[in-house]
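Have a look at the structure below before the remarks.
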Amino acid sequence: MQPFYAHPFDDDKLKEECGIFGVIGVSDASNFVALGLHALQHRGQEAGGIVSYDPKTGFNSARRFGYVRDNFTKADVMETLPGSLAIGHVRYSTAGSKGATAIRDVQPFFGEFSMGGAAIAHNGNLTNAAALRRELIERGSIFQSSSDSECIIHLMARSIQKNISERIKDALRRVEGAFSVVAMTRTKLIGVRDPLGVRPLVLGRIGDSAWALSSETCGLDIIGAEFVREIEPGEMVVIEDGKVQSTRPFTPAKSRFCIFEHVYFSRPDSILGGRSVYETRRQIGVELAKEAPVDADLVCPVPDSGTPAAIGYSQQSGIPYAMGIIRNQYMGRTFIEPSESIRNMGVRLKLNVNRALIKGKRVILVDDSVVRGTTSRKIKDMILEAGAAEVHFRIASPPTAWPCFYGVDTPERSKLLAATMTEDEMRDWIGVNSLKFITLDGLYRAAGEAAGRDAASPKYCDACFSGEYPIAPSDKIEEGFQMKAAE
């Protein structure tokens, strides 16, 4: 079966990492997990999987390519996943066979140990996975997938601890990088975040004694769960018999949550760090209008991720907000074979210009990021073809000049526009009247840091903008990646 992509023509956005979800204490846990994964679909559209446990049938799993709605809403599939405990995962390749996903790469992964089985789903990326994989293979481990996450299962198998929870601790103490994990045994639901808390994970309650773990609060909302709190950086929770037990198995570290979750990855209706994602994105637009004002007639978002920032820019600047670009909401699976001529229409299949509104106007386009810049050029062409008098880009993140190694599929550095061009050169290459990015300080102010970014001790991981990696990407350095020189 061919791999599935949500937007097969668009390689000019940073791809969402993954989404994880788990439920314990409800009679049809896999159905709850399917709903949760549906709410987290934006975090990964290539494939999804669910593992459940029922005392009568043991562990059961289903893994499929494509959307949750196309696979895990079918009665014949869900009937194979009985039980009151289940975990699930939606995937976009961040490691392993990018662009050529095999079904064996789809999580959750399952392992049978001497004390019973366990399944694990991982959001993030392990920066020492290649070294670990070599070591494990030399010691006799046989890998079934190309995913870095499988290292965790093999490390668990080699632990001498007497229960699964302790083996997970052992395994995760060996890995480097970013990980939020949901795992399950026959009786326990387990959630863990890495010491820096790079990727999100939240805890929710269903009724009196059932619990859920989710990458984002929007996953709790869809099943009617009450948001209790975030799993804290470096924390491990074990849920059994309706009780939540918390431990801190790692050396304490200052948290460095991914700031791009606020900019783009998370759903706008989620809550991160006690802050509304929508409000942070709107505030980014406010800061952008303060930092980079321009005379114009309309503020238009590049849908959908640019919408809250465009609203904020309009409110601050007083320039009217307008839907100058309309998104085709039914763009999903390609309805025609992507030949070269059709491939060149990729942006038009998803976005169409509101010509009657745009003609003769000076337009400010607000987008979340510029990666390669190819989509920005195509959108600019469409706006000018519709008769716009001027086109000004305002970008709701700083220039993306460095790749992410913590769970985001980023092009190599040479293909990032901001790594090879100045802002003025990018403006001329895209072909717009002006191009301005929010500053790192402005982004931090929008995220609630009134004084901006503390260069000595940043609150967030912003390596894709600053080049300052909180965890050295040892695998990539071994391959020749050059870190930013100390200033």
Side-chain angles (χ1 to χ4, degrees), residues 1 19-38 40 47-91 102-122 142 144-145 147 149-150 152-154 156-157 162-168 171 181-191 204 206-214 219 222-223 225 237-244:
M1 180 176 178
I20 54 177
F21 198 85
V23 169
I24 187 169
V26 292
S27 59
D28 49 354
S30 61
N31 285 311
F32 280 75
V33 170
L35 286 168
L37 293 179
H38 178 72
L40 299 173
I50 297 175
V51 173
S52 71
Y53 179 79
D54 180 77
K56 294 178 183 176
T57 60
F59 286 92
N60 300 279
S61 70
R63 294 182 284 181
R64 300 287 189 276
F65 290 115
Y67 285 149
V68 174
R69 71 179 186 217
D70 294 331
N71 293 305
F72 295 104
T73 53
K74 299 173 181 174
D76 60 333
V77 175
M78 302 314 292
E79 285 168 0
T80 67
L81 298 167
S84 61
L85 173 56
I87 65 171
H89 185 273
V90 285
R91 178 181 200 271
I103 200 69
R104 64 179 178 272
D105 294 324
V106 179
Q107 298 184 43
F109 291 134
F110 176 79
E112 194 71 63
F113 306 99
S114 58
M115 69 288 295
I120 188 166
H122 166 219
I142 300 171
Q144 301 297 316
S145 78
S147 171
S149 309
E150 193 183 347
I152 300 170
I153 288 283
H154 289 285
M156 288 170 61
K162 300 301 183 186
N163 65 60
I164 298 292
S165 301
E166 292 302 316
R167 288 192 175 206
I168 290 175
V181 164
V182 294
M184 60 181 281
T185 68
R186 289 170 292 185
T187 59
K188 298 180 177 74
L189 177 65
I190 300 166
I206 310 166
D208 295 330
S209 58
W211 297 87
L213 292 166
S214 176
I222 198 172
I223 63 168
V237 294
V238 179
I239 307 170
E240 186 176 22
D241 296 328
K243 296 183 176 65
V244 180

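Side chains are part of it too, since the values below use all heavy atoms of this structure and drop only hydrogens, waters and symmetry mates.
Heavy-atom minimum distance, Ser61 versus Val51: CB-CG2, 3.6 Å.
The side-chain contact (heavy atoms from CB on, under 4.5 Å) search around Ser165 returns Asn163, Lys188, Ile190, Met236, Val238, not counting sequence neighbours. Qualifying side-chain contact (heavy atoms from CB on, under 4.5 Å) partners for Ala121, counting only residues two or more places apart in sequence or in other chains: Ile20, Ile87, His89, Gln107, Pro108, Val182. Remark: Asn60 pairs with Thr57 by the side chain to side chain donor-acceptor pair (under 3.5 Å) rule, at least two apart or across chains. Taking the side-chain contact (heavy atoms from CB on, under 4.5 Å) definition, one finds that His154 meets it with Leu136, Ser141, Phe143, Glu150, sequence neighbours left out. When the side-chain contact (heavy atoms from CB on, under 4.5 Å) test is applied to Ile206, the partners found at least two apart in sequence or on another chain are Val23, Val26, Phe32, Ala210, Ala212, Ile223, Ala225. Under the side chain to side chain donor-acceptor pair (under 3.5 Å) criterion, Glu166 pairs with Lys169, not counting sequence neighbours. By the side chain to side chain donor-acceptor pair (under 3.5 Å) test, Ser209 pairs with no residue at all, sequence neighbours left out. With sequence neighbours excluded, no residue forms a ring-ring contact (aromatic ring centres under 6.0 Å, His included) with Phe113. Legend: residues meeting side chain to side chain donor-acceptor pair (under 3.5 Å) with Thr185, ordered by chain and number and at least two apart, are absent.
The side chain to side chain donor-acceptor pair (under 3.5 Å) analysis of residues 108-122, with sequence neighbours excluded, yields the pairs His122-Ser149.
Using a 4.5 Å cut-off on side-chain heavy atoms (C-beta onward), His38 and Thr73 make no contact. A 4.5 Å side-chain heavy-atom check between Arg186 and Phe59 finds at least one atom pair inside the cut-off. Within the 4.5 Å cutoff, the side chain of Val237 has heavy atoms near those of the Leu213 side chain. Counting heavy atoms from C-beta on, the side chains of Val181 and Ile120 come closer than 4.5 Å.
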